[in-house]
Structure formats: C-alpha cells, structure tokens
Amino acid sequence: MNIPATLTLAAALACTTVQASAQDLRSSRRSISYHTIDIGGLNIFYREAGPADAPTVLLLHGFPSSSRMWEPLLPLLADKYHLIAPDYPGFGNSSAPPPSDFNYTFDNIAGVMGELTNKLGLTNYVLFMQDYGGPVGFRMALAHPERVRAIMIQNAVSHEQGLSPLWEARRRYWADPAHELEALKANFTSLAATRQRHLGSSPHPERYDPDSWTDEYAFLTRPGEADIQTTLFLDYRTNVASYPKWQEWLRKTRPPTLVVWGKYDPSFAVAGALAYRDDVPDAEVHILEAGHFALDEATDEIATLVRDFLARLDRHKG
C-alpha cells in the first residue's frame with residue numbers, strides 16, 4: 001500500500017516531536033539528584049532539582065509520605081527553579097530513631113528543617129507546604145520571616161474550619177492518649193486508611209496508582225514506625241493551638257499566597273482553603289478535582305498554576 005507523502009511527513013514529524021518530548025523529560029528527570037546530609041547526628045535525605053542559582057522553592061511533604069510525593073512535579077519546574085524537597089526525621093529515607101532517642105514534635109522537626117536550610121545556604125525561598133508541611137513550614141516562617149518570598153499551600157490547614165469531622169476521633173486521642181492509642185495506631189497503620197487518604201471521595205479511583213498507598217503502608221509498618229507516628233501525632237494538637245499565631249503572621253505580612261486544594265480530601269475540608277482569604281485577601285485559591293495528595297490526580301494542573309504564580313512573583317521582584 002502506498003502511503004501519501006503528506007502522511008509520511010506528518011508521521012515523521014510526530015515521531016520527532018514525541019522523541020524530543022521524551023528526551024526533554026529524561027533530561028528533566030536527570031536533573032533530580034538525591035542527597036543525605038548530617039543534621040545534628042541525623043541523616044536527612046533530600047531531593048534536589050534545577051539550577052542552584054535559580055529562585056528556590058522548598059517543598060515540605062505530608063503524612064505518611066515523604067519527599068517522594070513531589071517527584072511528579074519536580075521535572076515540571078526544574079528548568080527555572082531550584083527545588084529542595086527533604087524527608088523529615090522518621091520519614092522516607094531520613095533517620096528514624098525511636099522516640100526515646102529523638103523527641104518527635106513539630107517544633108523539633110521544624111528545627112531540623114531550619115538547620116537543613118542553614119547548611120544548604122538557603123536564605124530566600126518560596127515555601128510549598130502540604131499537610132504536615134504546613135505545621136513545619138509555618139514554624140520556619142515565623143522563625144525566619146525574612147527568608148520567605150511567598151507561600152504555596154496544598155491541603156495544609158491553619159484554620160479550625162479546615163478540619164473535617166474525622167478529627168473528632170483524633171481529638172479524643174489528644175485528650176486521652178493512653179486509652180485511645182491502640183485505636184489510633186490501628187487506623188494509622190492500616191492499609192484501608194492509607195488507601196483512603198489518597199482516594200478520598202474521588203469519583204475517579206482509576207486515576208490513582210495503588211503503588212502510592214502500598215508503598216506508604218510498607219513504610220508505616222516498618223519496625224518502630226507506628227510509635228514514631230503516634231508520638232508525633234499526639235503533638236499535632238500544638239498545631240491547632242498555634243493556628244491563631246499563624247493567622248496573625250499571615251495577616252501581618254500578607255505574603256503572596258497560592259492555594260491549590262484537592263476537594264476530595266477526607267481530612268481537610270474545602271473551608272480550610274477558602275479561609276486563607278480571611279488572612280490574605282489577595283490569596284489565589286484553586287479548588288481541584290483531586291484528593292488529599294492532589295498531585296496524584298492533578299499534576300499538570302498544579303504545575304501550570306505553580307509556574308504561573310512563580311513567574312508573576314519573579315516579574316514583580318524584577
């Protein structure tokens with residue numbers, strides 16, 4: 001069969017485009033490097049991407065994830081930005097000493113992350129915070145407000161209205177940890193709960209890679225991990241108590257703010273996203289067709305919103 005020359009040319013061009021795109025992606029992925037650095041005797045792991053002299057974005061992960069949650073986004077930003085995504089103590093590839101050897105509080109984790117930025121010479125950055133990244137990042141921002149150019153929020157709460165009804169059981173643990181510990185531990189380390197953190201109420205579960213929760217389940221069931229996570233979660237009550245202080249900082253400093261929020265999150269309600277406008281009226285808020293880990297389902301959309309936000313931030317600086 002003779003193939004029309006125009007079709008042959010079109011096919012060739014399409015093939016060339018696909019190959020170029022694949023090459024660009026491979027190049028972007030190669031731009032990601034993996035490091036471990038000693039911080040006070042702890043081995044702290046972090047992912048790094050992009051030019052070291054580019055504007056820095058510090059990406060702070062959630063529970064029960066690690067810096068791996070940012071992996072889909074890093075290649076999409078690495079051409080223009082210097083990206084640092086660490087694992088907290090007790091998470092991912094960082095050291096995970098038992099609670100008897102490290103005091104797992106959000107104050108201490110924020111302190112370790114602050115020392116990481118000192119060692120890496122990061123003195124000016126945009127904070128991108130998801131879930132536990134909010135409590136860590138807001139503590140860092142209050143400790144060194146001069147370093148924070150802007151904040152980006154992805155399902156990280158700093159207002160009580162953002163806490164869904166699921167938090168009633170969690171508050172019972174804070175009030176009576178001795179009696180509620182085993183129930184919380186079973187929930188935190190169950191495969192069903194780990195899966196549900198990703199899917200939430202999404203009408204499109206087929207879009208979610210099950211490796212996301214099976215890998216996290218394997219992490220949560222490592223020896224000693226349940227004690228680490230329940231100890232840290234007992235300290236989560238200090239985050240709720242700190243909300244007024246974080247809100248005051250937001251109202252006082254009015255940092256450029258981008259909020260991207262997965263609306264199918266079972267833990268954090270959409271009201272928590274909208275509440276940022278109470279403190280920063282110019283905050284950009286985008287409610288996405290996604291869950292708690294919105295990058296699972298809305299990677300390209302988040303990348304587009306982030307790139308646009310950062311580009312305008314850079315133009316304003318210029």
Side-chain angles (χ1 to χ4, degrees), residues 60-66 87-91 94 96-114 127 129-143 151 153-190 193-194 196-197 200 216 219-220 224-251 261 265-276 278-279 292-293:
L60 300 173
H61 68 80
F63 168 85
S65 190
S66 69
D87 291 352
Y88 313 139
F91 290 78
S94 288
S100 58
D101 295 339
F102 179 81
N103 189 12
Y104 285 95
T105 66
F106 285 91
D107 279 348
N108 284 343
I109 288 177
V112 171
M113 294 296 101
L127 281 171
M129 303 178 278
Q130 195 269 344
D131 187 29
Y132 276 16
V136 174
F138 277 115
R139 282 172 168 83
M140 295 176 69
L142 267 64
I151 63 172
I153 305 289
Q154 195 262 289
N155 292 66
V157 171
S158 60
H159 303 79
E160 289 246 12
Q161 57 265 50
L163 301 177
S164 79
L166 291 180
W167 288 82
E168 292 308 312
R170 299 165 188 178
R171 291 178 192 272
R172 289 196 294 271
Y173 171 62
W174 300 339
D176 191 2
H179 287 91
E180 299 290 333
L181 174 61
E182 292 308 314
L184 181 81
K185 189 180 293 187
N187 177 267
F188 261 37
T189 60
S190 75
T194 307
Q196 190 61 18
R197 286 186 197 100
E216 287 173 5
F219 157 71
L220 286 170
E225 198 61 48
D227 290 336
I228 289 172
Q229 296 304 329
T230 53
T231 298
L232 180 59
F233 189 70
L234 183 60
D235 190 63
Y236 198 98
R237 57 190 171 179
T238 67
N239 300 331
V240 178
S242 296
Y243 287 171
K245 183 165 55 176
W246 302 347
Q247 293 162 19
E248 181 183 5
W249 177 79
L250 288 168
R251 289 193 297 269
W261 201 276
D265 190 335
S267 292
F268 295 145
V270 168
L274 303 177
Y276 282 99
D278 294 338
D279 305 317
H292 180 72
F293 293 101

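Just so it is clear, the structure is predicted and the values come from calculations on it, not from any experiment. Side-chain atoms are counted along with the backbone in the values below, which use heavy atoms only and exclude waters and symmetry mates.
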Using a 3.5 Å distance criterion without hydrogens, assess whether the side chain of [X] forms a donor-acceptor pair with backbone atoms of [Y].
| X | Y | result |
| --- | --- | --- |
| Ser65 | Gly62 | no |
| Gln247 | Ser158 | yes |
| His292 | Gln196 | no |
| Ser94 | Gly90 | no |
| Ser242 | Lys245 | no |

### Task
May I ask you to check whether Trp167 and Tyr173 place their ring centres under 6.0 Å from each other?
no
Where do [X] and [Y] come nearest, in terms of heavy atoms and distance?
| X | Y | answer |
| --- | --- | --- |
| Arg172 | Glu180 | O-CG, 3.5 Å |
| Met113 | Pro89 | CE-CD, 4.2 Å |
| Ala110 | Met140 | O-CG, 4.0 Å |
| Leu127 | Gly137 | CD1-O, 3.6 Å |
| Gly134 | Met129 | N-CB, 3.8 Å |
| Asp235 | Asp107 | OD2-N, 4.5 Å |

Counting C-beta onward and ignoring hydrogens, is there a side-chain heavy-atom pair between [X] and [Y] closer than 4.5 Å?
| X | Y | result |
| --- | --- | --- |
| Arg139 | Thr238 | yes |
| Glu160 | Val240 | yes |
| Ile228 | Phe91 | no |
| Pro97 | Tyr104 | yes |
| Leu166 | Pro266 | yes |

### Task
Any chance you could lay out the side chain to side chain contact (heavy atoms under 4.5 Å, CB included) test for Tyr88 and Asn108, step after step, and finish with the verdict?
CA-CA 10 Å; Tyr88 313 139; Asn108 284 343; over 6 Å; no
Can you measure from [atom1] ([X]) to [atom2] ([Y]) and round to the nearest 0.5 angstrom?
| X | Y | atom1 | atom2 | answer |
| --- | --- | --- | --- | --- |
| Ile109 | Asn103 | CD1 | CG | 9.5 Å |
| Leu250 | Ile153 | CG | CD1 | 7.5 Å |
| Phe233 | Leu184 | CZ | CG | 6.0 Å |
| Gln161 | Phe268 | CD | CZ | 13.0 Å |
| Tyr243 | Leu163 | OH | CG | 4.5 Å |

### Message
Does atom CD (Glu248) have a neighbourhood of more than 12 heavy atoms from anything else shown, all under 6.0 Å?
### Response
no
### Task
Fit a plane to each ring of Tyr132 and Phe106, take the angle between them on a 0 to 90° scale, and name the class: parallel (under 30°), tilted (30 to 60°) or perpendicular (over 60°).
perpendicular
### Query
Trp246 vs Phe138 aromatic rings, parallel, tilted or perpendicular, using cut-offs 30° and 60°?
parallel
### Task
Might you work through the side chain to side chain contact (heavy atoms under 4.5 Å, CB included) test for Asp131 and Gln154, ending with a clear yes or no?
CA-CA 7 Å; Asp131 187 29; Gln154 195 262 289; over 6 Å; no
### Query
Given Tyr236, which of Leu232, Leu234, Asn239 fulfils the side-chain contact (heavy atoms from CB on, under 4.5 Å) condition?
Asn239
### Query
Checking Arg170 against Phe188: charged group under 6.0 Å from the ring centre and within 45 degrees of the axis?
no
### Query
With sequence neighbours left out, what residues match Gln229 under side chain to side chain donor-acceptor pair (under 3.5 Å)?
Glu225
### Message
If the threshold is 4.0 Å, N to carboxylate O, is there a salt bridge linking Arg251 and Asp278?
### Response
no
